[in-house]
2 protein chains.
Amino acid sequence: MPSATVENYLKSILKLSMECERGEVPMGMIATSLGVTPGTATSMMKNLQKEKWLSYKSRKGVRLTPSGKKIGMIMIRRHRLLETFLVETLGLDWSEIHDEAEVLEHAISEKVLERLDIFLGKPRHDPHGHPIPTKNGIIRRLPKKTLLDSLVGTKMKIESILDQSPEFLNFAQAKGLMPGRMVTLVKNEKVADTIELQVEKMPKFSLGYKTAQKILVSD
Amino acid sequence: MPSATVENYLKSILKLSMECERGEVPMGMIATSLGVTPGTATSMMKNLQKEKWLSYKSRKGVRLTPSGKKIGMIMIRRHRLLETFLVETLGLDWSEIHDEAEVLEHAISEKVLERLDIFLGKPRHDPHGHPIPTKNGIIRRLPKKTLLDSLVGTKMKIESILDQSPEFLNFAQAKGLMPGRMVTLVKNEKVADTIELQVEKMPKFSLGYKTAQKILVSD
DNA sequence: TGCTACACTTTGACTAATCAAAAATAATAC
DNA sequence: GTATTATTTTTGATTAGTCAAAGTGTAGCA
């Protein structure tokens, strides 16, 4: 029923509301996240409210209703299952799948998606380590621990890569920085906001603090 | 570059021009084939001409340019490869794949399509027996021989099913009327415009002339 | 040759999604 | 407590694709 555009709005708002937990999602974030002007976002919010997908308070922000959340969750599921398919089955590169899935997610039906899910063996997370919601919209919570939250010398398991940009993903792949791998924090240079890492038997390398915070780990 | 709508117009016009070979495709056929009003078709033709995808002569009809033909052919390729994937890999039913492919064909990129082609083993035809154009837009010509063009007693190989409707496809599947199977013309009742058929060891059944013309065969 | 019926075109209107730019409001600084 | 800045809303315009309904051409028939 919702258009591809609406699906994108709801997916983005859901993601934003999960990241910055603060009740309402502000207009500005929605506009930048979707790459539209603020005015466009405002007018779209009124439509989405009319359709009961969210509640909108002028100059406050926006909060999804259960039905809006459901649609957003479906879109995340579609996106991540498609990404998994593109890597696992068709052998596309880690870094090129995001944009492909971004388009396909609006075209695939529930019926085909469920077949795909079975074909892939009902995966729990996509190639970047992001959890795949169930059909009913239940999603595993990601650990909050990043590469910065351990002491030097600790060995950690990489859980998830939050940065979606092809450039960073290519870099990460080259360094072995992928979900499932073990990584050791070799050095932590606070003054230079840089850490040094080593993935298994691969060469050491450095990462800035900002980037390091986009890699989630567990012990 | 072309929108999904334009892709659909060009695909339909290409198919119509291959079916009824008569130079120009008339407006009326385009409108019915796309399910739009005649006025809509007329105004769209002017846009498509402006983009050099076809030439349009008022009250005469329309003829694709090479670039328009190329896009149409790409769409047919996408559609048929997707149908093959949906049946072969995901196990969807013969009768439900058309509409799914109709949507997905506008969302799949060339890169993903080529991977899919390789994954499927570069199939030559889709599950209905329709030839799949190559990447360069070369398409095998279908035989023109239908179930009606043989004498009683002849054994023929089913090449292609032209009727796309789920209802007929379900019927055809139940009777074993699928590409690759051998079928024998048991009886031909001209006065009742009906033929009787038997596929391999399955029970005999009847088909009207009109329907029988939508099944292509070879000896 | 002229009339009728059908095929096609024109016109005007509508919807979804967007932008640019002006106006309003809130937040922050001083 | 005003002034400045940042954020958000309004307004008016634009584009692609569509329809309904009125107008125009044309081919066949009598």
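Letters go in sequence order (proteins before strands), and every chain restarts at 1.
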query = In Å and rounded to the nearest 0.5 Å, what is the CZ to CG distance from B/Phe119 to B/Leu81?
reply = 12.5 Å

Where chain B begins and ends its contact with DNA chain C, read 5' to 3' at 4.0 Å from heavy atoms = C/dA7 to C/dT10

message = If I take atom NZ in residue A/Lys60 and atom C1' in nucleotide D/dT9, what distance separates them, rounded to the nearest angstrom?
response = 16 Å

key: B/His125 side chain near B/Leu142 side chain, heavy-atom distance below 4.5 Å   = no

task = Classify the angle between the aromatic ring planes of B/Phe85 and A/Phe85 as parallel (below 30°), tilted (30 to 60°) or perpendicular (above 60°).
result = tilted

query = A/Arg77 and side chain to side chain donor-acceptor pair (under 3.5 Å): which partner among A/Asn136, A/Asp117, A/Thr134?
reply = A/Asp117

query = Could you give the OH-to-C1' distance, from B/Tyr9 to D/dG17, as a whole number of Å?
reply = 8 Å

ask   = Does a sphere of radius 6.0 Å around CZ in B/Arg140 hold more than 12 heavy atoms from other residues, nucleotides or ligands, not counting ones at 6.0 Å or beyond?
value = yes

key: Whole-Å gap separating P (D/dG17) and CD1 (B/Ile30)   = 15 Å

ask   = Should the heavy atoms of other residues, nucleotides or ligands under 6.0 Å from NZ of B/Lys122 be counted, would the total exceed 12?
value = yes

Rounded distance [0.5 Å steps], CD1 in B/Ile215 versus CD1 in B/Ile161 = 4.0 Å

key: Contact letters for nucleotides 23-28 of chain D, in which S counts primed atoms plus P, OP1 and OP2 and B counts the base, heavy atoms under 4.0 Å   = BBS---

message = I'd like to know whether A/His130 forms a side-chain contact (heavy atoms from CB on, under 4.5 Å) with A/Ile76, so could you lay out the CA-CA distance, the side-chain angles of the two residues, the decisive distance to 0.1 Å, and finally the verdict.
response = CA-CA 10 Å; A/His130 304 150; A/Ile76 294 178; over 6 Å; no

ask   = Nucleotide by nucleotide, 5' to 3', does protein get under 4.0 Å of the base (B), only the sugar-phosphate (S), or neither (-) in nucleotides 10-16 of chain D, counting heavy atoms?
value = B------

ask   = Got B/Val112 and A/Leu86 here, is their nearest side-chain heavy-atom distance under 4.5 Å?
value = yes

query = For A/Glu24 and D/dT7, what is the distance between atoms CD and C1' respectively, to the nearest whole Å?
reply = 16 Å

request  = Kindly check if the number of other-residue, nucleotide or ligand heavy atoms within 6.0 Å of NZ (A/Lys145) is above 12?
outcome  = yes

